[in-house]
Asks: 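To start, I am sharing the structure in question, which I have written as structure tokens.
In what follows, every heavy atom counts, from backbone to side chain, and hydrogens, waters and symmetry copies are set aside.
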Amino acid sequence: MEQADAREGVRPSAPYASGGSPPQVRGRALMIARVPEQARGEHTHGEPPAPRAVRRHSVRGQILEALRAALAGGELAPGQVYSAPALAARFGVSATPVREAMQQLAVEGAVEVVPNRGFRVSERGPRELAQLAEVRALIEVPVILRLARTVPAGRWNPLRPLAEATVVAAATGDPASYAESDRAFHRAVLALSGNEQLVEVAGDLHRRSQWPLVSGPGPTCRRADLSADASEHIALLDAFIARDPDAVRRVVRAHFQDASG
């Protein structure tokens with residue numbers, strides 16, 4: 001079966017909790033590209049054979065990203081238990097790469113191992129979200145204020161499409177899409193510091209702050225919150241380009257205050 005994973009892509013489908021019925025999961029969050037027939041060792045007339053098959057760790061990586069998106073989108077419910085075999089059946093692979101992906105999520109704190117059952121999605125409340133926002137602010141705000149003073153205005157212009165992408169994603173109301181674009185913008189800002197360790201640590205904290213709360217907001221409230229957050233990205237970028245450190249300070253502090261919930 002491990003060899004089969006190396007040759008077979010993952011079919012998009014919704015995960016379901018052990019002992020329960022499958023929730024309605026949007027295809028985008030759990031969409032993982034199928035591997036072409038040639039990559040599975042099947043001959044397709046008129047097409048050259050693939051140079052190599054997809055390795056199992058690639059399947060594991062695809063599953064991990066899909067599960068992270070499902071967490072950010074609230075499609076893996078806090079407190080619910082999901083079994084690796086059940087998820088594997090939905091993805092069309094063996095349980096091994098799914099279990100490995102879930103173990104990585106356990107290391108990140110997104111889930112916890114439930115012996116002989118599977119993995120329970122961690123339950124978080126507003127207090128933990130506020131603590132994550134505080135830690136993120138301690139790390140990111142001083143760096144952002146320094147960048148406002150030292151980075152030339154022209155170097156901020158390439159970040160405009162990333163800021164605008166958060167606005168587009170917010171308008172859809174899809175938290176998984178917004179989470180991805182939100183991280184991309186923050187990552188690009190911090191990358192201008194030249195500190196790869198900072199970018200990695202801040203990115204991990206950012207991802208954790210996007211996991212759903214036990215009782216999240218409704219769709220209308222969520223879309224409004226995302227739109228407000230995205231508008232601050234635009235305002236922050238405008239302040240960077242204007243070389244206005246006072247405006248940067250106001251926007252970024254409000255941004256992390258909003259992130260605390």
Asks: With a 4.5 Å cut-off on side-chain heavy atoms, are Pro175 and Gln210 touching?
Replies: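 Sidechains of Pro175 and Gln210: no contact.
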Asks: Can you check whether Val59 reaches Ile63 side chain to side chain, under 4.5 Å on heavy atoms?
Replies: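 In short, these two side chains touch, coming nearer than 4.5 Å.
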Asks: Is the shortest distance from a Lys or Arg side-chain nitrogen in Asp182 or Arg207 to a carboxylate oxygen in the other one below 4.0 Å?
Replies: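 No.
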Asks: Should Val248 and Arg149 be marked as a side chain to side chain contact (heavy atoms under 4.5 Å, CB included) after you check the CA-CA gap, both sets of side-chain angles, and the distance that decides it?
Replies: CA-CA 10 Å; Val248 169; Arg149 297 190 306 269; over 6 Å; no
Asks: Give a yes or no on whether Val167 and Ile241 share a hydrophobic cluster (residues Ile, Leu, Val, Met, Phe, Trp, Tyr; joining criterion: side-chain heavy atoms under 4.5 Å apart).
Replies: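 No.
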Asks: Does the side chain to side chain contact (heavy atoms under 4.5 Å, CB included) test come out yes or no for Leu147 and Val143, once each step is laid out?
Replies: CA-CA 6 Å; Leu147 294 175; Val143 176; 4.1 Å; yes
Asks: Might you point out which heavy atoms bring Ala88 and Ser94 nearest each other, and give the distance in Å?
Replies: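 Closest approach of Ala88 to Ser94, heavy atoms only: CB-O, 3.4 Å.
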Asks: Can you sort out the partners of His186 under ring-ring contact (aromatic ring centres under 6.0 Å, His included), two or more places apart, ordered by chain and number?
Replies: His206, His233, His255
Asks: Taking Phe240 as the starting point, is it possible to reach Val141 by hopping between hydrophobic residues whose side chains are less than 4.5 Å apart?
Replies: yes
Asks: Which atom pair, heavy atoms only, marks the closest approach of Leu192 to Arg155?
Replies: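 Taking every non-hydrogen atom into account, CD2-NH2, 3.3 Å.
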Asks: Taking side chain to side chain donor-acceptor pair (under 3.5 Å) as the definition, give me every residue that meets it alongside Asp246, ordered by chain and number, with sequence neighbours left out.
Replies: Arg249
Asks: Do Leu145 and Ile139 share a hydrophobic cluster (ILVMFWY, side-chain heavy atoms under 4.5 Å, transitive)?
Replies: yes
Asks: Please step through side chain to side chain contact (heavy atoms under 4.5 Å, CB included) for the pair Arg99 and Leu87, ending with a clear verdict.
Replies: CA-CA 9 Å; Arg99 188 173 291 111; Leu87 290 170; over 6 Å; no
Asks: Please tell me whether Glu100 and Gln104 have a donor and an acceptor in their side chains that are separated by less than 3.5 angstrom.
Replies: no
Asks: Considering all heavy atoms of both residues, which atom of Ser83 and which atom of Arg117 are nearest to each other, and what is their separation?
Replies: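 Result for this residue pair: CB-O, 3.4 Å.
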Asks: Identify, with sequence neighbours excluded, every residue that meets side chain to side chain contact (heavy atoms under 4.5 Å, CB included) alongside Ala171.
Replies: none
Asks: Measuring from atom CG of Leu67 to atom CD of Glu65, what distance do you get when rounded to the nearest 0.5 angstrom?
Replies: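 So the gap between those two atoms works out to 9.5 Å.
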Asks: With rounding to the nearest 0.5 angstrom, report the CG to OG1 distance, Leu226 to Thr166.
Replies: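 One gets 9.5 Å once the value is rounded to the nearest 0.5 Å.
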Asks: Taking Tyr178 for its side chain and Val168 for its backbone only, find out whether a donor-acceptor pair lies under 3.5 Å.
Replies: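 It does not hold such a pair.
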Asks: Quick check for you: to the nearest 0.5 Å, what is the distance between Ser209 atom OG and Glu134 atom CD?
Replies: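 Output value for this atom pair is 13.5 Å.
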Asks: Atom CG in Asp204, atom CD in Glu108: separation rounded to 0.5 Å?
Replies: 6.0 Å
Asks: According to a hydrophobic-cluster definition based on side-chain heavy atoms being under 4.5 Å apart (Ile, Leu, Val, Met, Phe, Trp, Tyr only), do Leu64 and Val113 belong together?
Replies: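 Yes; tracing contacts between hydrophobic side chains, which count when under 4.5 Å, links both residues.
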Asks: Who are the side chain to side chain contact (heavy atoms under 4.5 Å, CB included) partners of Ala247, not counting sequence neighbours?
Replies: Ala239, Asp244, Arg250
Asks: Nearest 0.5 Å please: distance from the OG atom of Ser181 over to the CG atom of Leu162.
Replies: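 Here the interatomic distance stands at 9.0 Å.
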Asks: Starting at OG of Ser231, measure out to CG of Asp229 and round the result to the nearest 0.5 Å.
Replies: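 Rounded to the nearest 0.5 Å, the OG-CG separation comes out at 7.5 Å.
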Asks: Side chains of Asp238 and Val251, heavy atoms from C-beta outward: is any pair under 4.5 Å?
Replies: no
Asks: With sequence neighbours left out, what residues match Trp211 under ring-ring contact (aromatic ring centres under 6.0 Å, His included)?
Replies: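 With sequence neighbours excluded, Trp211 shows a ring-ring contact (aromatic ring centres under 6.0 Å, His included) to no residue whatsoever.
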Asks: Can you hop from Leu132 to Val135 via hydrophobic side chains spaced under 4.5 Å?
Replies: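 Shared cluster, yes.
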Asks: Take Tyr82 and Val111, measure what side chain to side chain contact (heavy atoms under 4.5 Å, CB included) needs, and give me the verdict at the end.
Replies: CA-CA 10 Å; Tyr82 298 87; Val111 301; over 6 Å; no
Asks: Residues two or more places apart in sequence or in another chain: which of them pass ring-ring contact (aromatic ring centres under 6.0 Å, His included) with Phe119?
Replies: none
Asks: For the pair Ser122 (side chain) and Ala110 (backbone), establish whether a donor and an acceptor sit closer than 3.5 Å, ignoring hydrogens and angles.
Replies: yes
